[in-house]
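For clarity, every value in this text was computed on a predicted model and none was experimentally measured. These numbers come from the heavy atoms of this one structure, side chains and all, not from hydrogens, waters or symmetry mates.
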Amino acid sequence: PDGPRGLYFEEFEMGATMRTRGRTITEADLVQFAGLTGDYNTMHTDAEYSKNSFMGQRVAHGMLTISYAVGQAYQLGILERTVLGFRGLEMKFSTPVYIGDTIHAELKVTEKKEAARLGGGVVTLEIKIKKQDDSIAQKGTLTLLMASQPQE
């Protein structure tokens, strides 16, 4: 096959850690995500309402932040043509992400399980989505089905 490829199941090393590039959250991100999902909650879309709210200002959708982190992880190249599918995602929300915050994801391989009948194995990654001050916005686990190395 042509072009770059990601890691096969066998190439993931327990305890290996990776860090994505950063991405700054913009007002346009919130507006576009609201349009894509239909989630027009005022905490995301109404600056005047948000001034007097619990968060004090508009906050990024939690699912927007997760979606960006998954995209940032994909940009690492480790999933390129080797990820077969998502198996699970569990996430805890710790601190809000505001317009102007820059997020990145830190990933750590915490578990591997063979799944030969599915063509590979399941890799569990601890994921921490951090802001520019290194505070954790979200953390959890991302479980992926990864292809096995082709047999020669």
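Nearest heavy-atom pair, Thr110 versus Met14, reported as atom, atom and distance to 0.1 Å: O-CE, 3.0 Å. For the pair Ile78 and Ala73, the tightest heavy-atom approach, listed with the atom from each and the gap, is CG1-O, 4.2 Å. Closest approach of Val97 and Ala137 over heavy atoms only: CG2-CB, 3.6 Å. The minimum heavy-atom distance between His44 and Val59, with the atom names listed, is ND1-O, 2.7 Å. Nearest approach of Leu144 to Arg87, heavy atoms of both residues: C-CG, 4.1 Å.
At least one donor-acceptor pair closer than 3.5 Å links the side chain of Glu10 to the backbone N or O of Gln149. For Thr20 (side chain) and Ala105 (main-chain N/O), a donor-acceptor pair under 3.5 Å exists by modelled atom type. At distances below 3.5 Å, not a single donor-acceptor pair connects side-chain atoms of Thr82 with backbone N or O atoms of Met146. Remark: side-chain polar atoms of Lys112 are paired, donor with acceptor, to backbone N or O of Phe9 under 3.5 angstrom. Panel note: side chain Ser53, backbone Ser50; a donor-acceptor pair is recorded below 3.5 Å. Of the possible polar contacts, none joining the Ser135 side chain to the Lys131 backbone as a donor-acceptor pair under 3.5 Å is found. Panel note: side chain Tyr98, backbone Gly56; no donor-acceptor pair is recorded below 3.5 Å. Proximity of a side-chain donor or acceptor of Glu11 to a complementary backbone N or O of Tyr8 within less than 3.5 Å is detected. In this structure a side-chain-to-backbone donor-acceptor pair under 3.5 Å is missing from Thr143 to Thr124. A donor-acceptor pair under 3.5 Å is formed between the side chain of His61 and the backbone N or O of Asp39.
A 6.0 Å sphere centred on CD of Glu114 holds no more than 12 heavy atoms belonging to other residues, nucleotides or ligands. Heavy atoms of other residues, nucleotides or ligands lying less than 6.0 angstrom from CE of Met63 number 12 at most. Heavy-atom contacts from other residues, nucleotides or ligands closer than 6.0 Å to CD of Glu80 number more than 12.
Here the side chains of Val123 and Leu7 are not in contact, with every heavy-atom distance at 4.5 Å or above.
A continuous path of ILVMFWY side-chain contacts below 4.5 Å connects Phe33 to Leu89, so both sit in one hydrophobic cluster. The hydrophobic clustering, which links ILVMFWY residues whose side-chain heavy atoms are closer than 4.5 Å, places Val70 and Ile129 together. A continuous path of hydrophobic side-chain contacts links Tyr74 to Leu142 [ILVMFWY only; heavy atoms under 4.5 Å]. Connection of Leu107 to Val122 is not established within any shared hydrophobic cluster, with ILVMFWY side chains joined at heavy-atom distances below 4.5 Å, either directly or through further cluster members. In the hydrophobic clustering of ILVMFWY residues, with side-chain heavy atoms under 4.5 Å counting as a link, Ile127 and Tyr68 come out together.
Shown here are the side-chain contact (heavy atoms from CB on, under 4.5 Å) partners of Leu84, two or more places apart in sequence or in another chain: Leu145, Ala147.
The CZ atom of Arg23 sits 10.5 Å away from atom OG1 of Thr102, with the distance rounded to the nearest 0.5 Å. For the atom pair Phe93 CZ and Lys139 NZ, the distance stands at 13.5 Å (nearest 0.5 Å).
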query: Does the pair Glu111 and Lys113 meet the rule for a salt bridge (charged side-chain N to carboxylate O under 4.0 Å, His left out), with working shown?
result: CA-CA 7 Å; Glu111 194 178 340; Lys113 275 193 274 198; 3.5 Å; yes

query: Where do Arg58 and Glu27 land on the side chain to side chain contact (heavy atoms under 4.5 Å, CB included) test, with the steps shown first?
result: CA-CA 9 Å; Arg58 283 174 292 171; Glu27 180 176 20; 2.8 Å; yes

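Residue Gln132 is tested with Thr24, Ile103, Asp101 for a side-chain contact (heavy atoms from CB on, under 4.5 Å); the sole match is Asp101. Checked against His104 for a side-chain hydrogen bond (donor to acceptor under 3.5 Å, both in side chains), the options Arg21, Arg19, Lys130 give a single hit: Arg19.
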